[in-house]
K.L.:
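Quick one: this structure, given as structure tokens, is what I'll be asking you about.
What you see below is based on every heavy atom in this structure, not just the backbone, and it leaves out hydrogens, waters and symmetry mates. Below, chains carry the letters A, B, ... as their sequence lines are ordered, and counting in each starts from 1.
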Number of protein chains: 2
Amino acid sequence: MNKAIEQANKAILCKEVPIGAVLVDNISHKIINASHNMVNLNNNASSHAEICLINEACKIKKTKFLVETSLFVTLEPCTMCAAAISEVHISRIYFGAYDEKKGSLDSIMKLYNTKNYFVPEVYGGIEEKKCSDILKNFFQKKRNR
Amino acid sequence: MNKAIEQANKAILCKEVPIGAVLVDNISHKIINASHNMVNLNNNASSHAEICLINEACKIKKTKFLVETSLFVTLEPCTMCAAAISEVHISRIYFGAYDEKKGSLDSIMKLYNTKNYFVPEVYGGIEEKKCSDILKNFFQKKRNR
């Protein structure tokens with residue numbers, strides 16, 4: 001999760017909302033790739049950290065599915081990202097802060113209780129305070145500007 | 001919707017599941033772009049027609065959001081696509097066939113009843129039989145092979 005936090009901090013330098021994500025191979029335990037929110041960089045409101053990570057990882061691995069991988073992300077995924085993670089069959093999700101506004105694994109809905117979806121294992125609240133503080137500080141500074 | 005059906009037929013030639021989508025500017029009524037399912041072409045299980053369309057349209061328009069646009073798609077969007085459509089603020093969705101397995105605007109859930117989501121207008125069942133027959137024929141032929 002510390003690598004995902006590094007990515008979130010990197011996002012701030014790119015003037016992005018600080019959310020970071022890392023994908024790890026379950027067998028080798030090696031990092032496949034790391035990404036962050038790129039809404040401004042890509043000029044695309046759907047370029048969330050998880051989506052950028054998935055698109056790049058499929059290119060790197062040259063596979064449609066990302067089986068036997070684990071995703072570490074600093075914020076609970078929204079509905080779009082949670083569904084995308086399921087579409088590509090990522091097997092485990094570790095997320096940091098809970099997202100009361102859009103978090104779709106636990107906060108506003110439990111998406112994976114919906115039938116017909118591939119269901120990854122989910123572990124929430126990993127390094128929760130660190131992950132949450134990055135976002136709080138970012139929006140606090142933005143308001144004070 | 002006929003242009004979206006054309007895209008679905010084009011998808012078959014590329015050995016993709018035949019789902020097509022078109023984005024139209026609400027003011028000029030001109031087509032911004034058209035796309036189809038590209039899971040095999042992109043080697044990415046999340047490359048649904050709507051996602052490919054959104055990514056390309058943001059590049060064409062050089063904007064984060066796709067306000068004042070209408071999406072025509074041959075199949076009811078899944079959760080990932082429905083949420084992505086909301087993220088980029090597409091204002092209207094016209095879909096063809098209902099999807100009992102993954103359709104998230106009406107069939108398995110009504111995603112836009114969830115709070116905190118931008119809510120497009122939704123019109124379902126446009127050219128429903130044509131759109132549904134393309135998929136039925138595709139899977140029938142696949143089974144008979």
Side-chain angles (χ1 to χ4, degrees), chain A residues 15-17 37-48 50-67 69 71 76-90 99-105 107-119, chain B residues 15-17 37-48 50-67 69 71 76-90 99-105 107-119:
Chain A
K15 295 180 182 177
E16 300 282 354
V17 174
N37 188 35
M38 293 199 194
V39 165
N40 295 321
L41 278 169
N42 288 354
N43 233 349
N44 182 334
S46 69
S47 285
H48 292 189
E50 300 93 317
I51 302 293
C52 301
L53 189 82
I54 288 170
N55 291 343
E56 207 187 308
C58 286
K59 278 185 197 154
I60 292 169
K61 286 178 65 81
K62 298 188 178 86
T63 53
K64 275 187 263 185
F65 296 100
L66 300 169
V67 293
T69 60
L71 170 78
E76 183 184 359
C78 73
T79 315
M80 173 181 71
C81 294
I85 291 162
S86 165
E87 288 292 339
V88 297
H89 292 201
I90 287 172
D99 181 3
E100 277 177 30
K101 217 179 143 202
K102 286 197 161 179
S104 298
L105 300 185
S107 299
I108 65 159
M109 67 167 89
K110 294 188 193 330
L111 181 71
Y112 297 152
N113 287 352
T114 316
K115 61 177 184 178
N116 299 330
Y117 269 87
F118 170 85
V119 178
Chain B
K15 296 182 180 174
E16 298 282 354
V17 175
N37 188 33
M38 293 198 193
V39 165
N40 295 321
L41 278 169
N42 289 352
N43 233 349
N44 182 333
S46 69
S47 285
H48 292 188
E50 302 93 315
I51 301 295
C52 300
L53 190 82
I54 288 170
N55 290 343
E56 207 188 307
C58 286
K59 278 185 195 155
I60 291 169
K61 286 177 67 77
K62 298 187 177 88
T63 52
K64 270 187 265 185
F65 296 100
L66 300 169
V67 292
T69 61
L71 170 77
E76 183 184 358
C78 73
T79 316
M80 174 182 70
C81 294
I85 291 162
S86 165
E87 289 290 340
V88 296
H89 292 203
I90 287 174
D99 182 2
E100 277 178 30
K101 216 179 142 200
K102 285 197 164 179
S104 299
L105 301 184
S107 300
I108 65 159
M109 69 166 88
K110 292 188 195 333
L111 181 70
Y112 297 152
N113 287 352
T114 317
K115 62 176 187 182
N116 298 329
Y117 269 88
F118 170 85
V119 178

K.L.:
On a heavy-atom basis, which atom in A:Glu87 and which in B:Cys78 lie closest, and how many Å separate them?
P.N.:
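The answer is OE2-SG, 4.2 Å.
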
K.L.:
If only atom types and distance count, is the side chain of A:Asn116 paired as donor or acceptor with the main-chain N or O of B:Lys101 below 3.5 Å?
P.N.:
yes

K.L.:
Are the side chains of A:Met109 and B:Leu111 in touch, meaning some heavy atoms are under 4.5 Å apart?
P.N.:
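The answer is yes; the side chains approach within 4.5 Å.
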
K.L.:
Nearest 0.5 Å please: distance from the OG atom of A:Ser46 over to the CG atom of B:Leu66.
P.N.:
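Reported to 0.5 Å precision, the distance equals 8.5 Å.
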
K.L.:
Which atoms of B:His48 are under 4.5 Å from chain A, going by heavy atoms: the side chain, the backbone, both sets, or neither?
P.N.:
side chain

K.L.:
Please flag which part of B:Asn55 lies under 4.5 Å from any non-hydrogen atom of chain A: side chain, backbone, both or neither.
P.N.:
both

K.L.:
Side chain, backbone, both or neither: which part of B:Ile51 has an atom under 4.5 Å from a heavy atom of chain A?
P.N.:
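When you check distances to chain A, no heavy atom of B:Ile51 falls under 4.5 Å.
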
K.L.:
Looking at A:Ile108, A:Asn44, A:Thr114, which makes the most heavy-atom pairs under 4.5 Å with chain B?
P.N.:
A:Asn44

K.L.:
To the closest 0.5 Å, what do you measure between NZ (B:Lys61) and CG (A:Asn43)?
P.N.:
11.5 Å

K.L.:
With a 4.5 angstrom heavy-atom cut-off, which part of B:Ser86 approaches chain A: side chain, backbone, both or neither?
P.N.:
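Looking at B:Ser86, nothing touches chain A.
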
K.L.:
A:Ser104 versus chain B, heavy atoms under 4.5 Å apart: side chain, backbone, both or neither?
P.N.:
side chain

K.L.:
Determine the option with the most heavy-atom pairs under 4.5 angstrom with chain A, choosing from B:Ala84, B:Ala83, B:Cys58.
P.N.:
B:Cys58

K.L.:
Using non-hydrogen atoms only, which part of B:Thr79 is less than 4.5 Å away from chain A: side chain, backbone, both, or neither?
P.N.:
both

K.L.:
If we define contacts as heavy-atom pairs under 4.5 Å, which of A:Lys64, A:Lys59, A:Met80 has the most with chain B?
P.N.:
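It is A:Lys64.
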
